[in-house]
Amino acid sequence: MIRTVESQPSASAPVLAAYSYCETVTGQQARNFAYGIRLLPTPKRRAMSALYAFSRRVDDIGDGPLPEDVKAARLEDTRALLTRIREGAVEEDDTDPVAVALSHAAAHFPIPLGGLDELIDGVQMDLRGETYETWDDLKVYCRCVAGSIGRLSLGVFGTEPGACGVERASEYADTLGLALQLTNILRDVREDAENGRTYLPADDLAKFGCADGFAGPTPPQGSDFAGLVHFEVRRARALFAEGYRLLPMLDRRSGACVAAMAGIYRRLLDRIERDPEAVLRGRVSLPGREKAYVAVRGLSGLDTRHVARRTVGRRD
């Protein structure tokens with residue numbers, strides 16, 4: 001069972017300033033993520049912001065305009081910083097606020113920091129220009145860049161005492177990360193193509209006549225692009241259904257956070273399914289009012305209760 005410290009962790013002025021910096025980064029650069037973590041109590045919200053800020057740094061290195069050799073060197077520097085954090089070697093007056101905040105969070109929550117090593121591994125896969133022949137191949141990448149975030153987040157959330165099936169909590173958190181990442185891949189298929197990246201499995205692209213890629217705002221001539229999108233949507237929905245089994249294992253506010261973040265992406269899937277070619281014309285997104293509704297729904301516990309009833313029904 002994963003437990004967390006529910007009381008407010010003591011924090012010095014430099015640590016509070018570091019957390020404030022991380023929360024600013026999160027609010028400005030991760031609006032979907034920020035909607036979810038607003039529902040958490042302050043200690044967990046701060047810890048999640050520190051995790052996001054570190055993860056964002058890794059992603060920005062991979063997606064930035066620097067030469068590949070410079071990116072590789074910076075990723076190794078970031079891995080060395082992670083080692084310092086893991087060893088408790090970052091002082092509160094360190095000039096890197098992300099390192100200070102994440103060090104404090106890791107001292108107060110059982111965060112499996114190895115997940116951030118996996119994230120770096122995933123970004124290094126991007127730098128190598130790796131492509132994926134099958135879904136099993138792509139899952140390896142998705143687990144590095146997204147499943148790891150699910151497992152890291154679970155270290156902050158913790159699990160409820162006596163929750164049924166809690167030994168599989170980490171597995172469900174990982175699966176939910178895969179669901180979110182596959183949704184991201186569908187949403188960003190045109191943008192990724194313009195950046196020279198292809199994530200969808202080559203087997204799937206060939207099956208639906210899309211092996212030539214997505215260089216423009218219309219599908220490849222003669223392809224079944226809608227069939228490809230609907231196929232991947234069904235795969236993502238199955239991952240969400242499995243990953244949602246985590247919800248009854250969490251306390252109310254942590255469950256609300258997860259339900260809100262996942263709910264936003266599930267609604268993105270709905271939009272993509274209704275109009276598959278929209279992902280070739282631009283980025284599909286939700287208006288703020290709809291995100292707010294999803295957050296309120298998460299806080300109400302509707303999704304958690306639904307999953308709990310379904311799980312009980314399966315056992316019966």
Side-chain angles (χ1 to χ4, degrees), residues 1-27 29-30 33-34 36-61 75-121 144-161 163 166 169-170 173-174 177 246 249-255 257-258 261:
M1 180 184 299
I2 301 170
R3 300 296 302 277
T4 61
V5 179
E6 295 298 331
S7 61
Q8 175 77 39
S10 60
S12 64
V15 170
L16 291 176
Y19 275 130
S20 179
Y21 172 84
C22 293
E23 290 191 278
T24 298
V25 169
T26 303
Q29 301 190 43
F33 187 83
I37 67 171
R38 287 175 188 172
L39 305 176
L40 295 171
T42 299
K44 292 184 179 182
R45 188 187 70 244
R46 288 174 174 163
M48 291 294 290
S49 293
L51 278 173
Y52 175 81
F54 190 96
S55 302
R56 183 73 194 197
R57 177 179 297 180
V58 175
D59 285 341
D60 284 347
I61 292 171
L75 286 176
E76 288 307 320
D77 289 343
T78 306
R79 198 186 293 275
L81 175 61
L82 181 59
T83 297
R84 289 181 55 220
I85 293 170
R86 186 182 290 112
E87 294 173 349
V90 175
E91 301 294 333
E92 290 187 356
D93 60 355
D94 194 282
T95 57
D96 186 337
V98 177
V100 172
L102 185 55
S103 294
H104 187 269
H108 290 86
F109 294 94
I111 300 172
L113 291 175
L116 292 171
D117 277 306
E118 293 181 56
L119 175 61
I120 295 171
D121 291 341
C144 283
V145 300
S148 61
I149 303 302
R151 288 176 268 118
L152 287 158
S153 300
L154 184 61
V156 175
F157 298 146
T159 54
E160 285 287 85
V166 74
S170 182
D174 183 278
L246 175 68
M249 303 175 187
L250 306 177
D251 66 77
R252 177 173 176 266
R253 291 176 70 176
S254 295
C257 172
V258 173
M261 289 189 287

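None of these values were measured; they are calculated from a predicted model.
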>> Asp96 vs Arg84, test: salt bridge (Lys or Arg N to Asp or Glu O under 4.0 Å). Steps then yes/no.
In response: CA-CA 12 Å; Asp96 186 337; Arg84 289 181 55 220; over 6 Å; no

> Given Leu39 and Arg253, is the side chain to side chain contact (heavy atoms under 4.5 Å, CB included) satisfied, shown in steps?
Replying inline: CA-CA 6 Å; Leu39 305 176; Arg253 291 176 70 176; 5.5 Å; no

> Please walk me through it: do Leu81 and Arg57 pass side chain to side chain contact (heavy atoms under 4.5 Å, CB included)?
Replying inline: CA-CA 12 Å; Leu81 175 61; Arg57 177 179 297 180; 3.5 Å; yes

>> Evaluate Ile149 against Leu51 for side chain to side chain contact (heavy atoms under 4.5 Å, CB included), listing each step before the verdict.
In response: CA-CA 8 Å; Ile149 303 302; Leu51 278 173; over 6 Å; no

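Ser254 places no side-chain N or O within donor-acceptor distance of the main-chain N or O of Leu250, the cut-off being under 3.5 Å. Proximity of a side-chain donor or acceptor of Ser20 to a complementary backbone N or O of Leu16 within less than 3.5 Å is not detected.
Residues Thr78 and Leu116 fail the side-chain proximity criterion, which asks for heavy atoms closer than 4.5 Å. Tyr19 has its side chain out of reach of Arg45: every pair of non-hydrogen atoms, C-beta onward, lies at least 4.5 Å apart. Between Phe54 and Ile85, some side-chain heavy-atom pair lies under the 4.5 Å cut-off. Residues Met48 and Ser153 have side chains in contact (heavy-atom distance under 4.5 Å, counting atoms from C-beta outward). For the pair Asp60/Gln29, a side-chain contact is recorded, criterion being any heavy-atom separation below 4.5 Å from C-beta on. Under the 4.5 Å side-chain criterion, counting only non-hydrogen atoms from C-beta, Asp59 is in contact with Leu119. Leu40 is listed as a side-chain neighbour of Phe157, based on a closest heavy-atom distance under 4.5 Å. Arg151 has its side chain within reach of Glu118: a pair of non-hydrogen atoms, C-beta onward, lies under 4.5 Å apart.
Checked against Val100 for a side-chain contact (heavy atoms from CB on, under 4.5 Å), the options Thr95, Asp93, Asp94 give a single hit: Asp94.
Between atom CD1 of residue Ile111 and atom CG of residue Leu102 there is a gap of 6.0 Å, rounded to the nearest 0.5 Å. Atom-to-atom distance recorded for Leu246:CG and Ser170:OG is 9.5 Å, nearest 0.5 angstrom. Note that OG1 of Thr26 and CZ of Arg46 are 13.0 Å apart. Values are rounded to the nearest 0.5 Å. From Tyr52, atom OH reaches atom CD of Glu23 across 13.5 Å, with rounding to the nearest 0.5 Å. One distance of note links CD1 of Ile61 with CG of Leu75; it measures 5.0 Å at 0.5 Å rounding.
Between Glu92 and Pro14 the shortest heavy-atom distance is O-CB, 3.4 Å. Among all heavy-atom pairs drawn from Ser49 and Cys22, the shortest one is O-CB, 3.7 Å. The two residues Ala173 and Gly150 make their nearest non-hydrogen contact at CB-O, 3.5 Å. Between Pro97 and Tyr21, the shortest heavy-atom contact is CG-CD2, 3.6 Å. When every heavy atom of Ser148 is checked against every heavy atom of Cys144, the shortest pair comes out as OG-O, 2.5 Å. Smallest separation of non-hydrogen atoms from Ala146 and Gly177: CB-O, 3.2 Å.
Not counting sequence neighbours, the partners of Arg79 by the side chain to side chain contact (heavy atoms under 4.5 Å, CB included) test are Glu76, Asp117, Ile120, Asp121, Gln124.
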